[in-house]
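Comments concern the structure below.
Order of the sequence lines fixes the chain letters, A, B, ..., with proteins taken first and strands second; residue numbering starts at 1 for each chain. The model shown is predicted, which means the values in this text are computed figures rather than measured ones.
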Protein chains: 2
Amino acid sequence: MIGSVAKALDILTLFSKTHPVLTLAEISRRLEMPKSTAHHLITTLAAYGFIEQTDDGAYALGKSLIPLTQHVLVNVELRDRAAPLLRALADSCNESVYLTVRDGDAVLYIYAIESSQRLLARTAVGDRAPLYCTSVGKAVLAWLPPDEVECLLNTAPLNTYTPYTLTDPATLLGDLEATRQRGYSLDNQEHELNTFCVGAPIFKADGHVVGACSVSGRDPQIVEGRLPALAEQIVGTAQEISRHMGYVPAHMSMVRSRPQR
Amino acid sequence: MIGSVAKALDILTLFSKTHPVLTLAEISRRLEMPKSTAHHLITTLAAYGFIEQTDDGAYALGKSLIPLTQHVLVNVELRDRAAPLLRALADSCNESVYLTVRDGDAVLYIYAIESSQRLLARTAVGDRAPLYCTSVGKAVLAWLPPDEVECLLNTAPLNTYTPYTLTDPATLLGDLEATRQRGYSLDNQEHELNTFCVGAPIFKADGHVVGACSVSGRDPQIVEGRLPALAEQIVGTAQEISRHMGYVPAHMSMVRSRPQR
DNA sequence: GAACATCGTTTCATAATATGAAATCAAGTA
DNA sequence: TACTTGATTTCATATTATGAAACGATGTTC
């Protein structure tokens, strides 16, 4: 572990939604390093375009970070294979479509076709969301080995995001069982009010879940009248993506209980 | 400039479309540094998730890079303001819609609503394209100060991408003048065969062009029969984005000739 | 099946280099 | 005018990154 490099990366990860712009003094203060050290590091990061200086002399993340995402492994192996299938899906269902990968105790959004119905301005790509209260997260949880699920539920607390969030482990486990039976997951405003989603798991060649995709929107009919049609489409798309990942469908019972190594 | 940090960033930028996965030996060879040095740097980058190890022990860019993009300055200041307007545009024209910023002698794609008509699998977000042969690039060039345009044309050569690419400076300058007259730019397969685009410039508060947005697709009618309607929509959207950026529309003649400091 | 490549990983003495106190410059404020 | 609070630059010192070499693991060749 190289100290100066770690400090440079600490600076990059210090920028956040609430603090997209930071002054040198703030960086130095929050990371407990001398101003001059922070400045040396920032100068180097700025030379590569990873950090930019704002008009008023403060600092922010630079645009050179954006091209790097094109070569990130999951984007090459999963996103670029899934994208055409997801676009076709978005076309036929007229709602936002998302692609996520599991990242520890969260899902990371890596691709989105966002409909004009979307409530939030900013794209979901780059966001992390909990596993237990999103359709994509629950699709992952439902097909994860039981001991890993138990471990995850014991580690992180089940926070309440909306009145619909499932915060009782037993209820959640029941929902995951129902999800396995159905073959797809549901999110009835559990993470965000007025957002309804249907999700399905994506498997890689070794039989493990890598992530999930979902159809998401403000229309309550997504989890009501439109559900049968949407579920068939999202599950079909997820299966085809899995096949593109080299996954050979086995008996569902095998996949459900515990994927082999 | 801190040497070890620079070397770490050199490693990150070494990954490319053709080489998304690299072995330690390759990295060490191509950057002319001892294997052990590269290994020390990679270990640090891996601890932050910026690099991941593949199943066979080689290295690739890690997913932790993706969340960083949410806080990149242009994404916060431009993309997040433009996104809702661009989604509405995509909705009404049923083609791919792109948002780009100028980055030196190129445009960088920072947001996209990609239709199922798109030829390429992978998303455009993160791609760079030349200024002189894309609708977004030419929209930027047309509203850049003349001396800067001249400088750009003298520096980089005009490469041929398709038989339609404008490689003669005089012809290009004529096209830029026509673009200013019209208020929007056209791309008739100049960068990629079977891709037709209409683009419009986006200005920030100080009156300078920051980037451009475009409607893009495989339908030749985009630059023919559908052009009048599409042009009005893309120009209207670009103007509204500019207004969101704090730009106060002046007499077009002023903007055209040379934005003031 | 033994010898040989080639790859990733670890070690550790040494010299190179990051560090950070302090001085400086620039802008805004009382 | 004096006083903050920024960013920036300098430079002597000690910390720390460096890289030669050895190691272990895997796969290939003859």
Any side-chain N or O of A:Q53 less than 4.0 Å from the OP1 or OP2 oxygen of D:dT8? yes
B:Y161 ring center within less than 6.0 Å of B:H191 ring center: yes
Nt span of DNA chain C in reach of chain B heavy atoms at under 4.0 Å, 5' end first, is C:dC7 to C:dT19
Taking for each residue the nucleotide of DNA chain C bearing the nearest heavy atom, is the 5' side occupied by B:H39 or by A:K7? B:H39
So, taking the atom named [atom1] in [X] and the one named [atom2] in [Y], what distance separates them when rounded to the nearest 0.5 Å?
{"X": "B:T54", "Y": "A:E77", "atom1": "OG1", "atom2": "CD", "value": "8.0 Å"}
{"X": "A:I66", "Y": "B:I66", "atom1": "CD1", "atom2": "CD1", "value": "13.0 Å"}
{"X": "A:D10", "Y": "A:E32", "atom1": "CG", "atom2": "CD", "value": "11.0 Å"}

Verify side chain to side chain contact (heavy atoms under 4.5 Å, CB included) between B:H39 and B:T43, making sure each step is shown before the conclusion. CA-CA 6 Å; B:H39 189 265; B:T43 303; 3.7 Å; yes
Pairwise side-chain contact, B:R30 with B:L22, heavy-atom cut-off 4.5 Å (strictly under): yes
Per nearest nucleotide of DNA chain D, the residue lying toward the 5' end, A:Y59 or B:G3, is A:Y59
Separation of A:I51 atom CD1 from D:dA7 atom P, in whole Å? 12 Å
How close or far is atom P of D:dA17 from atom CG of B:L45, stated in whole angstroms? 13 Å
Taking atom types as modelled, find out whether [X] and [Y] have a side-chain donor-acceptor pair closer than 3.5 angstrom.
{"X": "A:S185", "Y": "A:S135", "result": "no"}
{"X": "A:Y111", "Y": "B:E114", "result": "yes"}
{"X": "A:Q70", "Y": "B:R128", "result": "no"}

Taking DNA chain C as the partner, which of residues 9-33 of chain A come within under 4.0 angstrom of it by heavy atom? none
Anything under 3.5 Å between a protein N or O and an N or O of nucleotides 20-23 of chain D, put it in a table, one pair a line.
from	atom 1	to	atom 2	distance (Å)
D:dA20	N6	B:S36	OG	2.9

Test side chain to side chain contact (heavy atoms under 4.5 Å, CB included) applied to B:K63 and A:N75, A:V101, A:I110, the passing residue: A:V101
Flag the pair A:E148 and A:R102 as a salt bridge only when some basic side-chain nitrogen lies within less than 4.0 angstrom of an acidic carboxylate oxygen. yes
